[in-house]
Peer 1: 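Here's a structure for you.
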Amino acid sequence: MGRDHRSRGNSRIEAAALAAFRQDVIAGLSLPQKALPPKHFYDAAGSRLFERICRLAEYYPTRTELAITRAQAGAIARFAGRGGVLMEYGSGESLKTRLLLRAMQPSVYMPVDISEAALRLAVAKLRRAFPGLRIAPVAGDFSRPLDLPRFRGRDRRVVYFPGSTIGNLTPQEAQAFLRMTRGQVGPRGAMLVGVDLKKDANVLHAAYNDSRGVTASFNLNLLSRINRELGGDFDLRRFAHYAFYNAPLGRIEMHLVSLRAQRVNVGDHRFAFDRGETIHTENSYKYSVEEFQALAAESGFRGEKVWSDRRGLFSVHGLIAD
Ligand code: AVJ
């Protein structure tokens, strides 16, 4: 495959991604409660900021999930079964993925990611670390039904969805998503899902309001991205990061608060903000083990195993097609 072929493919995918981003932004800023989908946080700058979040003292999920995976790699591999097709929703650049690959030794590893650049980078690294592994990357949006290559069609399919990314979905959306995944893995399939747990609201608050302001920069970068890619004129000094735990709904909400009445242009579109009005940029749902297993049961899975840390901060669920 030549360079030209690749870059043509990329620019087509990137043009489509840009159009989708524009559409989401125009639609989201036109809502009575302005809202933007969190998947757009992750441009190059946003991905770097997210990596910094993952290393923050206050942000417990990443290191806790890694510790669980390290401590339980053998048990997780026994659950998933060796030699199956391992699909990951996400690019697979994490340390957790390597632990899982080493323990599970799948026949094929299929990372699915919306960012072709992230995918290419992760796959190059993995090929070096696992020279014998068959890797079949899929550039696409796993939140929609995907047409996946049918490698090793008779092998068991296991979807790995770490990082509590599922927390970005409402419980209703999460259920639909799990049901769709149940369709992807088939009757003998399984799923490994990382899920952040309900806990002391102060611990949650600190994780999304870190003392170094990295989460604030991550949130505000969404406005920079709109400025850069869609010709927006957001003044970042006139918006502030705001995150809180909404206990009745069991979720962290992130918002960007307009610090004054103002108008903002995005391309040819103009949006008015009252002082104190917010853009809702992210939900991060937290579940008890029982709540998540009940959700899985409503989606055609059986919650077979759950691995957690001693402090009960985070959980990794082993689900089996029911
Ligand atoms: C990647 C969605 C799991 O919800 O904790 C981190 C994203 N947002 N800090 C999360 C995030 C602010 C993260 N997820």
Side-chain angles (χ1 to χ4, degrees), residues 35-69 88-97 111-115 118 122 141-143 160-171 173-174 177-178 192-225 239-247 249-257 278-287 292 309 313-317:
L36 295 169
K39 67 179 174 188
H40 297 304
F41 279 135
Y42 303 92
D43 65 345
S47 300
R48 273 197 301 277
L49 285 164
F50 181 64
E51 278 164 31
R52 281 182 63 197
I53 289 175
C54 292
R55 293 194 296 268
L56 292 168
E58 296 107 320
Y59 194 75
Y60 60 85
T62 311
R63 84 175 63 84
T64 308
E65 186 177 28
L66 177 62
I68 295 168
T69 309
E88 176 164 353
Y89 288 171
S91 72
E93 33 130 41
S94 77
L95 212 47
K96 301 176 289 249
T97 300
V112 183
D113 200 285
I114 195 165
S115 160
D141 184 350
F142 58 70
S143 67
Y160 183 42
F161 194 40
S164 203
T165 310
I166 199 162
N168 277 163
L169 305 178
T170 65
E173 290 166 341
F177 174 77
L178 289 174
L192 289 165
V193 200
V195 182
D196 198 13
L197 293 173
K198 283 195 166 140
K199 60 183 62 65
D200 182 346
N202 292 304
V203 175
L204 288 170
H205 184 87
Y208 294 85
N209 290 279
D210 65 277
S211 56
R212 294 173 184 227
V214 185
T215 308
S217 300
F218 174 72
N219 199 5
L220 283 159
N221 176 61
L222 197 46
L223 303 184
S224 310
R225 183 178 186 189
F239 287 87
H241 167 73
Y242 177 53
F244 67 99
Y245 184 56
N246 183 333
L249 294 181
R251 70 190 193 195
I252 286 279
E253 292 186 22
M254 291 215 313
H255 295 255
L256 289 161
V257 188
T278 74
I279 309 172
H280 187 179
T281 53
E282 184 170 43
N283 287 322
S284 186
Y285 279 85
K286 313 301 172 187
Y287 293 91
F292 191 76
D309 57 295
L313 295 174
F314 199 91
S315 59
V316 178
H317 287 256

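Read the numbers this way: they start at 1 and go in the same order the structure lists the ligands and their atoms. One-based numbering along the sequence shown. Excluded from the calculations below are hydrogen atoms, water molecules and symmetry mates; all remaining heavy atoms, backbone and side chain alike, are included.
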Peer 1: Select all protein residues for which some heavy-atom-to-ligand 1 distance is less than 4.0 Å, and list them by chain and number.
Peer 2: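 Those residues closer than 4.0 Å to ligand 1 by some heavy atom are Tyr42, Phe50, Ile53, Tyr59, Gly163, Ser164, Asn168, Tyr208, Thr215, Phe218, Met254, Glu282, Ser284.
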
Peer 1: With heavy-atom distances below 4.5 Å as the criterion, would you say the side chains of Glu88 and Pro162 are in contact?
Peer 2: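 They are in side-chain contact.
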
Peer 1: So for atom CZ, which belongs to Arg63, do other residues, nucleotides or ligands contribute more than 12 heavy atoms lying within a distance under 6.0 Å?
Peer 2: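 Yes, because the 6.0 Å sphere around CZ of Arg63 holds more than 12 heavy atoms from other groups.
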
Peer 1: Within the side chain of Ser284, is there an N or O that forms a donor-acceptor pair under 3.5 Å with the backbone of Gly167?
Peer 2: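 Answer holds: no.
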
Peer 1: Determine the minimum heavy-atom distance between Glu58 and Asp210, stating which atoms define it.
Peer 2: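 Looking at all heavy atoms of both residues, the closest pair is OE2-CA, 3.5 Å.
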
Peer 1: Would you call the rings of His255 and Phe244 parallel, tilted or perpendicular, taking 30° and 60° as the class edges?
Peer 2: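 Rings of His255 and Phe244: parallel, under 30°.
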
Peer 1: Under the ring-ring contact (aromatic ring centres under 6.0 Å, His included) criterion, do Phe50 and Tyr42 qualify, and how do the steps go?
Peer 2: CA-CA 8 Å; Phe50 181 64; Tyr42 303 92; 5.6 Å; yes

